[in-house]
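Below is one structure, written out as structure tokens, with a few remarks after it.
Lettering of chains follows the sequences in order, A, B, ..., and the numbering in each one begins at 1. None of the values given here were measured: they were computed from a predicted structure.
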Amino acid sequence: MLTIANTQFSSRLITGTGKFASGQSMQAALSASGTELVTLALKRLDLVQNKDDILAPLQELGVRLLPNTSGAKTAEEAVFAARLAREALGTNWLKLEIHPDQRYLLPDPIETLKAAEQLVKEGFIVLPYCGADPVLCMRLQEVGCAAVMPLGAPIGSNRGLLSKDFLDIIVEQSQVSVIVDAGIGAPSHAAQAMEMGVDAVLVNTAIAVSPNPVAMGRAFKQAVSAGRTAFEAGLGSVQKNAEASSPLTGFLEHL
Amino acid sequence: MSFAALLENWDFDDVTLQINACTEADVRRALSKSKRDLQDFMALISPAGDAFLEEMAQQSYRLTRQRFGNTLQFYIPLYLSNLCANDCTYCGFSMSNKLKRKTLSLDEIEAECLAIKAMGFDSLLLVTGEHETKVGMDYFRQALPIIKRHFSYLTMEVQPLAEAEYRELCQLGLDAVLVYQETYRRRTYAKHHLKGKKMDFDWRLDTPERLGRAGIDKMGLGVLIGLDDWRTDSFFAALHLKYLQKTYWRSRYSLSFPRLRPCSGGLVDKTQMSDRQLVQLICAYRLLDGEVELSLSTRESAQFRDKLFPIGITSLSAGSSTQPGGYAQANQALEQFEIDDSRAPQDVAVAVQNAGMQPVWKDWEKGYSKIL
């Protein structure tokens, strides 16, 4: 079971809600993925006219909502959006996203740490999207984040685990859940992340933009499950060289 | 270095020659790359690129879906005034044009906002002629707070303003500004801008940099296709985009590609661009830059727009009226130019859904605006 802030989830696949062709398509794909925790951008919700294609299908699915602050460029904007999300959606869970860089949507480490500290003090359960920087992840953990969400590659890039070596260090050091967010473009990437021992992965573009989002949602469900099972079973060690059948030091035993 | 200084290093005619000299091999090389530069862009918009249009469209479709998903943003223009202190050869609002002039009162603005809101929009483009004394900062200071009450995202297409003025408008809820250079060739610019402050090529050219310094969320660039060679002018728009992206990296960018439309007293397009060439340009912009927003107005026909939706476009207007007060009460004698796609917004939304995409009416939170 995945545990975040004393809440247990049987699925280790967290999903996004953007980029789908319709609310129905999103609902069907998320249902097939088995996800139990779903992030949605506050900026997409029309809380005045209640006219959006996102919230109602999610409420029907009965998943836990994880509002995000996508669009915020500063800590101040993110904190404002978080308070609004808590009030509007009745949850103190928050995916903190601050990316002033408009081309690669890379997270701002300074603003993210500042906002995380403030939001934790205000009682939010903060899951910050961040670079795969082990020191930053430790700092986010220290200020009280419930998990860290380092990127595998830039958002929507489908490029997989480009940050693999640093993710390894983060998994090794972290005392909170590690969720690989962004860059996972294929079920094999998700399985690879799970085999490394990350606690969960977040997938959006790869499912939403697939010609068959339902089948792709199912494929990710299976990959995440297979990867986790392999991690728990224990993978064999990988070596570049063959193991010598005639050891060079065997003679020592006969001396 | 400012963009104006950078532009001095380029000769319009030389660029035209370079573009026209691109070969099919250049286009193939550009298509095979995962990251493309301005040399590749030249090949893609060149006459040689035409033979590769289908492949360009396929790549453009994939890149657009990957970044923007299966969605299209909807916006609508609100014409606040058709007063103008410029004379431009192509525009119905030109001061020498015999046109009934109208500037919306604050009550009329409120009525327009309510009419537009009822259509479902949350992203609004404010448009005026360019009349600094009657439709300038004093007017905007009064109008913006009223409008921002109704809409999350506000874009403006008005006369270029000073940096301090942009800062002030951002604090009243302004999020984005469109400022099209119209043409990057000084000689052609002078030929079409005959009177008024718009004659100042450099003041206009420097506007995006003032916007960047003012911290605007998004700025829109473009040329008016039909004033000069569309390929060369579009190359300079791309050069401008690349310069700004590096300098003002916190801002988002959009590109538009308006083709000259008939207007009251206006000139006829002398530098024709076919539908096929417009598709080529849209794809080339997308292949150059996977992140830039590409915007399509109702200048184009419904039939053509429906086919363009999936190719590379990310935002579009619908149900537009180009006359002040046109949503609450229509009056054709006041309009800036004739629109072609006159379908109701909901009908356009259905067409978008039929193309396999989701219309997005709201994609901004007022808390991200810089309102004081």
Side-chain angles (χ1 to χ4, degrees), chain A residues 16-26 41-54 67-74 76-85 88 98-106 108 154-159 185 204-211 213, chain B residues 34 61-73 117-118 120-123 149-153 175 215-219 241-242 244-246 248-254 289-293 310 349 352-371:
Chain A
T17 51
K19 302 189 177 182
F20 283 95
S22 67
Q24 300 92 304
S25 155
M26 175 189 77
L42 178 72
K43 66 178 177 151
R44 284 287 307 275
L45 300 180
D46 190 340
L47 302 167
V48 181
Q49 301 197 94
N50 263 338
K51 191 179 74 77
D52 67 76
D53 298 321
I54 297 177
N68 71 58
T69 59
S70 166
K73 293 178 183 174
T74 64
E76 196 184 356
E77 289 170 12
V79 168
F80 179 90
R83 291 174 187 155
L84 208 61
I98 305 177
H99 31 77
D101 155 43
Q102 297 302 316
R103 297 205 68 198
Y104 293 98
L105 305 177
L106 294 170
D108 183 326
I155 292 179
S157 67
N158 290 341
R159 296 182 69 195
N204 180 27
T205 304
I207 297 176
V209 176
S210 163
Chain B
S34 60
Y61 169 81
R62 283 196 296 275
L63 284 169
T64 308
R65 297 287 75 79
Q66 188 180 332
R67 172 74 179 205
F68 298 92
N70 297 309
T71 64
L72 267 178
Q73 310 263 350
K117 200 72 192 169
F121 289 95
D122 189 53
S123 178
R149 280 206 297 270
H150 298 282
F151 300 93
S152 301
Y153 201 77
D175 300 298
I216 198 86
D217 175 61
K218 185 158 65 185
M219 50 186 123
L241 171 73
K242 290 288 147 192
L244 291 166
Q245 279 176 331
K246 282 189 182 171
Y248 303 102
W249 55 276
R250 286 184 177 85
S251 295
R252 293 188 282 170
Y253 296 88
S254 73
D289 192 303
E291 295 85 31
V292 70
E293 298 183 20
V352 166
Q353 284 163 340
N354 289 342
M357 281 177 287
Q358 180 173 189
V360 172
W361 303 91
K362 178 177 181 291
D363 194 30
W364 190 250
E365 176 47 54
K366 270 185 202 171
Y368 300 151
S369 301
K370 295 180 171 54
I371 305 170

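At least one side-chain heavy atom of Asp217(B) sits less than 4.5 Å from a side-chain heavy atom of Lys73(A). A heavy-atom distance below 4.5 Å is not found between the side chains of Asp101(A) and Arg250(B). In this structure, the side chains of Leu105(A) and Arg67(B) come closer than 4.5 Å at one or more pairs of heavy atoms. Between Lys43(A) and Tyr368(B) the shortest side-chain heavy-atom distance falls below 4.5 Å. Looking at Lys19(A) and Asn70(B), their side chains never come closer than 4.5 Å, going by heavy atoms from C-beta outward. The shortest distance between side-chain heavy atoms of Arg103(A) and Gln245(B) falls below 4.5 Å.
Contact of Ala72(A) with chain B is made through backbone and side chain together, with heavy-atom distances under 4.5 Å. If you measure heavy-atom distances from Ser251(B) to chain A, the contacts under 4.5 Å come from the backbone alone. For a residue to count as touching a neighbouring chain, one of its non-hydrogen atoms must lie under 4.5 Å from one of that chain's; by this rule Ser22(A) touches chain B with the backbone only. For chain B, no part of Ser25(A) is nearby; none of its heavy atoms comes within less than 4.5 Å.
Distance CG/Leu42(A) to CD/Glu365(B): 4.5 Å, rounded to 0.5 Å. Here CH2 of Trp364(B) is found 14.5 Å from CZ of Arg44(A). Values are rounded to the nearest 0.5 Å. Asp46(A) CG to Asp363(B) CG: the interatomic distance, rounded to the nearest 0.5 Å, is 12.0 Å. Within the model, atoms CG of Leu45(A) and NZ of Lys362(B) stand 6.5 Å from one another, a figure rounded to the nearest 0.5 Å.
The two residues Ala21(A) and Gly356(B) make their nearest non-hydrogen contact at CB-O, 3.3 Å. Closest of all the heavy-atom pairs between Val209(A) and Arg65(B) is CG2-O, 3.4 Å. Shown here for Phe20(A) and Gln358(B), the closest heavy-atom pair between the two residues is O-NE2, 2.8 Å.
Chain B forms the most heavy-atom pairs under 4.5 Å with one residue out of Thr74(A), Thr69(A), Asn204(A), and that residue is Thr69(A). Taking chain A as the reference chain and counting heavy-atom pairs below 4.5 Å, the highest number among Pro359(B), Ser369(B), Gly367(B) is found for Gly367(B).
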